[in-house]
Number of protein chains: 2
Amino acid sequence: MQTETDALSLTFAALADPTRRAMLARLAQGPAAVKELPNPYNLSSPSISKHLKVLERAGLIERGREAQWRPAQLQPAPLKDVSDWLEVYRKNWEANFDRLEEYLRKIQKDKGI
Amino acid sequence: MQTETDALSLTFAALADPTRRAMLARLAQGPAAVKELPNPYNLSSPSISKHLKVLERAGLIERGREAQWRPAQLQPAPLKDVSDWLEVYRKNWEANFDRLEEYLRKIQKDKGI
DNA sequence: TTCTTAGTTTACTATTTAGCTAATTAGCAA
DNA sequence: TTGCTAATTAGCTAAATAGTAAACTAAGAA
């Protein structure tokens, strides 16, 4: 159901690309012009523009205008939404860790006998 | 660069669909057979099978076999990876909240004069 | 005015994704 | 055996995604 595309789906889809995540990592430090953004796969300018549009549509960045530059700025609200969504599952991975820990304690004890 | 597809990209892509997120929400409560999973958009069985394959490829579930059922079980490790990835950005949304809080405090104070 | 840098838009192609129906596999039950 | 339920695989279509080159816009500099 990638048609009505709810906000969370848009956000996750935007995050599912290493170029876009690299951009966000840079923008976490502060606003930057397009040419200042990392381009780890040496994509063409139009491709970079498209990636920025994807981030913008997901609400993860906002664009400005300063002389001939169009700086991008991180908007972290959708990331907080992801964090909130994740909370429900935290008990699952912490429980798993507990079971692993318990197992490790057990084999350690067995070895000690 | 959706070709080599690193683990994190696979995970985010798998999460970018409401049907798959509904499945995970159910599986957070414990394993379930395919027919027990939520199907909020009334998709056909083959479509559901495909969604499960996407979750499996991302390492978010593991499949089993019990008589004619193929139960799915949540594997939360990739979700923990997402949580770890998010941590870098936490300061960004908390800083934003701080600025909002500060602003709200300010207008409250101004009203009080 | 002309040049240069920054960036976007247009138009196109290739690949991936998501859905369907029909057919198939697997196990249990009568 | 035959039939029933659970689920997957095969084969197809439509739509979305990601990339490119070429053309264009916008602002500052010579």
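In the text below, chain A, chain B and the rest are named by the order of the sequence lines, each starting its count at 1.
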Any pair counted as ring-ring contact (aromatic ring centres under 6.0 Å, His included), so long as it reaches residues 8-31 of chain B, sequence neighbours left out: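 Checked against ring-ring contact (aromatic ring centres under 6.0 Å, His included) - neighbours excluded - the pairs reaching residues 8-31 of chain B are F12(B)-W85(B).
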Pairs in or reaching into residues 13-33 of chain A: which pass ring-ring contact (aromatic ring centres under 6.0 Å, His included), with residues at least two apart or in two chains?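 Residue pairs with at least one partner in residues 13-33 of chain A: there are none.
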Nearest-Å distance, [atom1] ([X]) to [atom2] ([N])?
| X | N | atom1 | atom2 | answer |
| --- | --- | --- | --- | --- |
| L52(B) | dA18(C) | CG | C1' | 14 Å |
| N42(A) | dA18(D) | CG | P | 18 Å |
| Y41(A) | dA18(D) | OH | P | 13 Å |
| L55(B) | dT17(C) | CG | P | 13 Å |
| L10(B) | dT17(D) | CG | P | 17 Å |
| I48(A) | dT20(D) | CD1 | P | 9 Å |

Output yes when at least one side-chain N/O atom of [X] is less than 4.0 Å from OP1 or OP2 of [N], else no.
| X | N | value |
| --- | --- | --- |
| S47(B) | dC20(C) | yes |
| R63(B) | dT8(D) | yes |
| S44(B) | dC20(C) | yes |
| H51(A) | dT17(D) | no |

NA contact type, K53(B), heavy-atom cut-off 4.0 Å: base, sugar-phosphate, or nothing?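 Sugar-phosphate contact only - K53(B) comes under 4.0 Å of backbone atoms but never of a base.
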On a plain distance test, is the side chain of K50(A) in donor-acceptor contact with the base of dG19(D) below 3.5 Å? yes
The answer to which of R57(B) and P46(B) contacts DNA chain C further toward the 5' end, by nearest nucleotide, is R57(B)
Residues, nucleotides or ligands: over 12 heavy atoms within 6.0 Å of [X] [atom1]:
| X | atom1 | value |
| --- | --- | --- |
| E87(B) | CD | yes |
| E62(B) | CD | no |
| R57(A) | CZ | no |

For K80(A) and D84(A), what are the C-alpha separation, side-chain angles and deciding distance, and is it a salt bridge (Lys or Arg N to Asp or Glu O under 4.0 Å)? CA-CA 6 Å; K80(A) 180 176 192 312; D84(A) 291 346; 3.2 Å; yes
Candidate nucleotides [options], ranked by approach to the side chain of [X] - the nearest:
| X | options | value |
| --- | --- | --- |
| R20(B) | dT8(D), dA18(C), dA6(D) | dA18(C) |
| D17(B) | dA7(D), dC20(C), dA18(C) | dA18(C) |
| L43(A) | dG7(C), dG19(D), dA18(D) | dG19(D) |

Heavy-atom protein contacts under 4.0 Å, nucleotides 25-30 of chain C, coded B base, S sugar-phosphate only, - none: -SSS--
Out of curiosity, does L27(A) fall in the hydrophobic cluster containing V34(A) (side-chain heavy atoms, cut-off under 4.5 Å, transitive links)? yes
